[in-house]
Amino acid sequence: MDHSIYRNSKVTGRYFPYESLQHSLSDVEAYKIPSLQGLSVLGRQIPVYRFGSGTQKILIWSQMHGNESTTTKALLDAIQFLTSSHVQARALLANLQIVVIPMLNPDGASAYTRVNANGVDLNRDFIAFSEPESQFLKHVFETEAPDFCFNLHDQRTIFSVGETSMPATLSFLGPAADASRSITPSRLVSMQIIAAINQHLQDFIPDSIGRYDDTYNGNCVGDHFQSLGVPTLLFEAGHRATDYQREETRTWVFQAILVALESVKEQSYLKFSEVDYNIIPENQKNHLDLEVLHAHLINPKIKSNTRLAFQYEERLEDGEITFNPKIIDLEDSKKYFFHDQIDFSVQALADQAFVYQKISSILKTLHD
Ligand SMILES: [Zn+2]
């Protein structure tokens with residue numbers, strides 16, 4: 001599928017606030033479900049859309065963590081495709097009913113925070129149900145009674161595909177339904193659909209897909225819905241090369257969503273097994289954003305053999321996300337991989353790049 005044709009041009013970059021949602025979805029207003037509309041803590045609306053009239057029902061939600069916008073961008077692109085005249089889109093909508101909550105945490109999205117306006121992580125609220133947003137997702141789940149659930153997120157840049165040097169551009173999990181992590185029928189289906197996605201995408205992004213730890217946590221939405229017997233898949237959008245805006249990862253999330261929908265429609269996931277799922281390497285945390293070499297050339301107080309590592313902190317400033325380097329303590333015994341490197345023995349001192357300037361000013365404050 002050629003993603004570029006279906007890219008929603010109203011959305012780009014990392015910051016996707018609630019205020020942009022309505023505008024981005026203005027073409028599909030007619031697909032809104034009027035009887036299903038949530039309200040956030042601060043009174044922002046949480047719209048729900050329905051695409052298709054088939055018998056198999058899939059509930060998809062994104063941005064339950066407000067600063068995780070990549071999957072929302074990909075989901076909007078998938079909506080552009082589904083509502084197009086493409087023959088495959090028509091076939092999907094004839095066979096499936098796709099219920100979409102594009103932004104479950106609009107207050108967090110506007111503030112660029114993981115948590116909602118009460119400071120609660122909605123993905124740890126599925127025992128307490130203290131928050132209106134998690135109560136609303138439960139309400140939609142109970143009203144719509146989906147056959148499958150897709151739970152869409154972004155992950156940090158630290159995640160590696162197993163012990164390899166590859167960052168996890170996409171990660172998945174078929175969450176456990178109980179503390180013993182048994183393979184319940186619904187969990188097996190989640191694993192099979194993930195295996196189908198993995199097999200398809202390995203041709204395009206080889207060795208770039210990881211699998212999350214399956215420790216059971218009943219506070220998490222995926223574990224909760226899985227325990228109720230509905231196959232639930234966690235999708236995580238991650239890092240790739242220099243793609244901090246996650247515009248390339250967006251493409252792979254788009255493809256992953258479409259492969260998952262297609263495999264549900266065709267029931268082609270049935271040919272996959274738990275083994276096919278388990279061959280996906282489990283994520284490790286071996287990646288960092290930036291390695292700095294020869295820092296003593298900037299500040300003689302730094303020993304010449306000191307290895308310096310930085311991780312970016314994302315900050316919302318004037319409607320843009322900035323990436324602010326923060327020094328990280330390294331464990332001696334651990335092997336790290338870096339997305340980027342600054343070597344002061346070769347870098348032109350006049351370099352005006354944002355990161356270079358920030359790093360230089362941090363280094364000047366270091367002793368020893
Ligand atoms: Zn998340």
Please say which of Asn67, Asp121, Asp154 ends up in a side chain to side chain donor-acceptor pair (under 3.5 Å) with Arg114.
-> Asp121
Give a yes-or-no answer on whether the side chains of His294 and Ser345 include a donor-acceptor pair shorter than 3.5 Å.
-> yes
Among Phe225, Phe141, Tyr49, which one satisfies ring-ring contact (aromatic ring centres under 6.0 Å, His included) with Trp61?
-> Phe225
Is any side-chain heavy atom of Phe310 closer than 4.5 Å to a side-chain heavy atom of Ile362?
-> yes
Residues Thr232 and Pro175: closest non-hydrogen pair is O-CD, 3.1 Å
For Val161 and Ile209, the nearest pair of non-hydrogen atoms, with its separation, is CG1-O, 3.5 Å
Do Thr143 side-chain atoms and His139 backbone N/O form a donor-acceptor pair below 3.5 Å?
-> yes
Should the pair Phe126 and His224 be assigned to parallel (<30°), tilted (30 to 60°) or perpendicular (>60°) ring geometry?
-> tilted
Decide whether Glu262 and Gln88 meet the rule of one side-chain donor and one side-chain acceptor closer than 3.5 Å.
-> yes
For Ala74 and Phe254, the nearest pair of non-hydrogen atoms, with its separation, is CB-N, 3.6 Å
Side-chain contact test, heavy atoms from C-beta onward, threshold under 4.5 Å: evaluate it for Val48 versus Phe136 and give yes or no.
-> yes
Among Asp77, Leu76, Leu25, which residue meets the side chain to side chain contact (heavy atoms under 4.5 Å, CB included) test with Val11?
-> Leu76
What's the verdict on ring-ring contact (aromatic ring centres under 6.0 Å, His included) for His287 and Phe338, showing C-alpha distance, side-chain angles and the deciding distance?
-> CA-CA 6 Å; His287 275 79; Phe338 295 88; 8.7 Å; no
Any sub-3.5 Å donor-acceptor pair from Arg14's side-chain atoms to Arg246's backbone N or O?
-> no
Establish, from distance only, whether the side-chain atoms of Gln56 and Asn95 form a donor-acceptor pair under 3.5 Å.
-> no
Checking Lys138 against Phe129: charged group under 6.0 Å from the ring centre and within 45 degrees of the axis?
-> yes
Starting from the C-alpha separation in whole Å, work towards a yes-or-no answer on ring-ring contact (aromatic ring centres under 6.0 Å, His included) for Phe51 and Tyr31.
-> CA-CA 6 Å; Phe51 304 94; Tyr31 294 86; 4.8 Å; yes
Identify the heavy atoms of Ser26 and His23 that sit nearest to each other, and give their distance.
-> OG-O, 3.0 Å
Plane angle bin for Phe235 and Phe150 - parallel if under 30°, tilted between 30 and 60°, otherwise perpendicular = tilted
Indicate yes or no for a side-chain donor-acceptor contact from Asp223 to the backbone of Ser227 under 3.5 Å, with no hydrogens or angles considered.
-> no
Is a side-chain donor-acceptor pair under 3.5 Å present for Asp289 with Tyr244?
-> yes
Taking all atoms of both residues into account, what is the closest heavy-atom pair of Ala78 and Ile257, and its distance?
-> CB-CG2, 4.2 Å
Report the C-alpha separation of Asn219 and Asn217 in whole Å, then their side-chain angles, then the decisive distance to 0.1 Å, and conclude whether the side-chain hydrogen bond (donor to acceptor under 3.5 Å, both in side chains) test is met.
-> CA-CA 5 Å; Asn219 289 299; Asn217 184 347; 3.1 Å; yes
Does the side chain of Asn116 pick up a donor-acceptor pair with the side chain of Glu133 at under 3.5 Å?
-> yes
Under 3.5 Å, is there a donor-acceptor pair between the Glu317 and Thr322 side chains?
-> yes
Consider only side-chain N and O atoms of Gln63 and Glu68, and report whether a donor and an acceptor are under 3.5 Å apart.
-> no
With no hydrogens and no angle check, do the side chains of Gln97 and Arg50 hold a donor and an acceptor under 3.5 Å apart?
-> yes
